[in-house]
A.B. asks: 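Please see the structure below; I have some questions.
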Amino acid sequence: QVQLVESGGGLVQAGGSLKLSCAASGRTFSSYNMAWFRQAPGKEREFVAAISRSGGSTRYADSVQGRFTVSRDNTKNTVVLQMNTLKPEDTAEYYCAASNVVAITTGANMYAYWGQGTQVTVSS
C-alpha cells in the first residue's frame with residue numbers, strides 16, 4: 001500500500017508555470033506506475049500524465065503535450081509535474097495516483113491509490 005500527498009498548487013496567471021509534487025510513503029514506491037489526473041468543476045476526472053516505474057516511459061494527454069513534464073525520483077519517493085505555459089483551461093484539482101498494473105495506463109480505474117488533490121487556478 002502507498003499513501004500519496006500532493007503539494008504545489010496555487011494561483012498563477014496564464015502563461016505562467018507551476019510545479020506539483022507528490023510525496024509517497026512506503027518502501028515500494030518504485031514498484032508503482034504513477035500518474036497525474038485532474039478534475040474541473042462539473043467535469044469528469046481526466047488523465048494528464050503518467051510515468052513508468054523506472055521513469056523510462058512517459059505518456060501525456062494531448063491537451064498538455066509539450067507543456068507539462070512528469071518525472072520521478074525513486075530515491076526520494078516523489079513524482080513531479082512541471083507545468084509550463086499554463087492556460088485557464090488547466091484550472092482544476094490535480095491528483096496524484098499510483099498503479100501496480102504492468103504498463104502505464106490512462107484509465108483512472110486502473111489506479112488504486114490516490115492523493116487528496118491540490119488546486120491549480122490559472123487566471124486569464
Side-chain angles (χ1 to χ4, degrees):
Q1 189 170 351
V2 62
Q3 294 181 327
L4 306 171
V5 179
E6 303 95 335
S7 61
L11 174 65
V12 64
Q13 289 188 331
S17 298
L18 276 177
K19 184 173 76 172
L20 305 184
S21 295
C22 175
S25 64
R27 292 174 289 180
T28 59
F29 176 70
S30 61
S31 67
Y32 293 95
N33 294 316
M34 300 297 297
W36 290 92
F37 288 78
R38 67 187 182 187
Q39 188 168 18
K43 295 187 177 182
E44 294 186 354
R45 189 168 297 190
E46 65 172 358
F47 170 77
V48 175
I51 188 166
S52 63
R53 293 171 175 81
S54 67
S57 296
T58 58
R59 190 168 178 180
Y60 297 93
D62 289 344
S63 58
V64 307
Q65 181 76 46
R67 300 189 297 122
F68 291 11
T69 302
V70 61
S71 61
R72 67 189 295 164
D73 186 338
N74 286 342
T75 67
K76 297 181 179 179
N77 284 13
T78 58
V79 60
V80 170
L81 184 68
Q82 177 66 48
M83 306 185 295
N84 299 327
T85 320
L86 283 160
K87 305 175 181 180
E89 51 264 43
D90 294 318
T91 295
E93 189 84 4
Y94 282 71
Y95 298 89
C96 176
S99 171
N100 54 12
V101 299
V102 173
I104 58 175
T105 177
T106 64
N109 61 342
M110 301 304 289
Y111 290 83
Y113 306 103
W114 293 82
Q116 83 288 350
T118 186
Q119 177 67 37
V120 171
T121 303
V122 184
S123 63
S124 57

A.B. asks: Under a single-linkage definition using a 4.5 Å side-chain heavy-atom cutoff for Ile, Leu, Val, Met, Phe, Trp and Tyr, are V79 and Y60 assigned to the same hydrophobic cluster?
C.D. replies: yes
A.B. asks: If the condition is side-chain contact (heavy atoms from CB on, under 4.5 Å), which residues does T106 pass it with, not counting sequence neighbours?
C.D. replies: F47, R59
A.B. asks: Give the minimum heavy-atom separation between A92 and A40, together with the two atoms involved.
C.D. replies: CB-N, 3.8 Å
A.B. asks: Using a 6.0 Å distance limit plus a 45 degree cone around the ring axis, check whether R72 lies over the aromatic ring of F29.
C.D. replies: yes
A.B. asks: Measuring from atom CD of Q119 to atom CD of E6, what distance do you get when rounded to the nearest 0.5 angstrom?
C.D. replies: 12.0 Å
A.B. asks: Any side-chain heavy-atom pair from M34 and V70 closer than 4.5 angstrom?
C.D. replies: no
A.B. asks: Quickly, which of I104, I51, T105 forms a side chain to side chain contact (heavy atoms under 4.5 Å, CB included) with N33? Name it, please.
C.D. replies: I104
A.B. asks: Using ring centroids (six-membered ring only for Trp), state whether F37 and W114 fall under 6.0 Å.
C.D. replies: yes
A.B. asks: Please report, to 0.1 Å, the donor-acceptor pairs under 3.5 Å made by any side chain of residues 16-23, with sequence neighbours excluded.
C.D. replies:
unit_1 : atom_1 : unit_2 : atom_2 : d
S17    : OG     : N84    : OD1    : 2.9

A.B. asks: Taking a hydrophobic cluster as the set of Ile, Leu, Val, Met, Phe, Trp and Tyr residues connected by side-chain heavy atoms closer than 4.5 Å, whether directly or through intermediates, do V48 and V120 fall within one such cluster?
C.D. replies: yes
A.B. asks: Step by step, work out the side chain to side chain contact (heavy atoms under 4.5 Å, CB included) result for V12 and T121.
C.D. replies: CA-CA 6 Å; V12 64; T121 303; over 6 Å; no
A.B. asks: Using a 3.5 Å cut-off and no angle test, enumerate the donor-acceptor pairs between side-chain atoms of residues 93-103 and protein atoms at least two apart in sequence or in another chain.
C.D. replies:
unit_1 : atom_1 : unit_2 : atom_2 : d
E93    : OE2    : T118   : N      : 3.4
Y94    : OH     : R38    : NH1    : 2.9
Y94    : OH     : D90    : O      : 2.6
S99    : OG     : V101   : N      : 3.2
S99    : OG     : M110   : O      : 2.9

A.B. asks: Is a donor on one side and an acceptor on the other found under 3.5 Å between the side chain of Q13 and the backbone of V122?
C.D. replies: no
A.B. asks: What distance do Y32 atom OH and Q1 atom CD have between them, rounded to the nearest 0.5 Å?
C.D. replies: 7.5 Å
A.B. asks: Counting neighbours of CD on E46 that are heavy atoms of other residues, nucleotides or ligands and sit closer than 6.0 Å, is the number greater than 12?
C.D. replies: yes
A.B. asks: Restricting to non-hydrogen atoms, name the atom on G26 and the atom on N77 that form the minimum distance, rounded to 0.1 Å.
C.D. replies: O-ND2, 2.8 Å
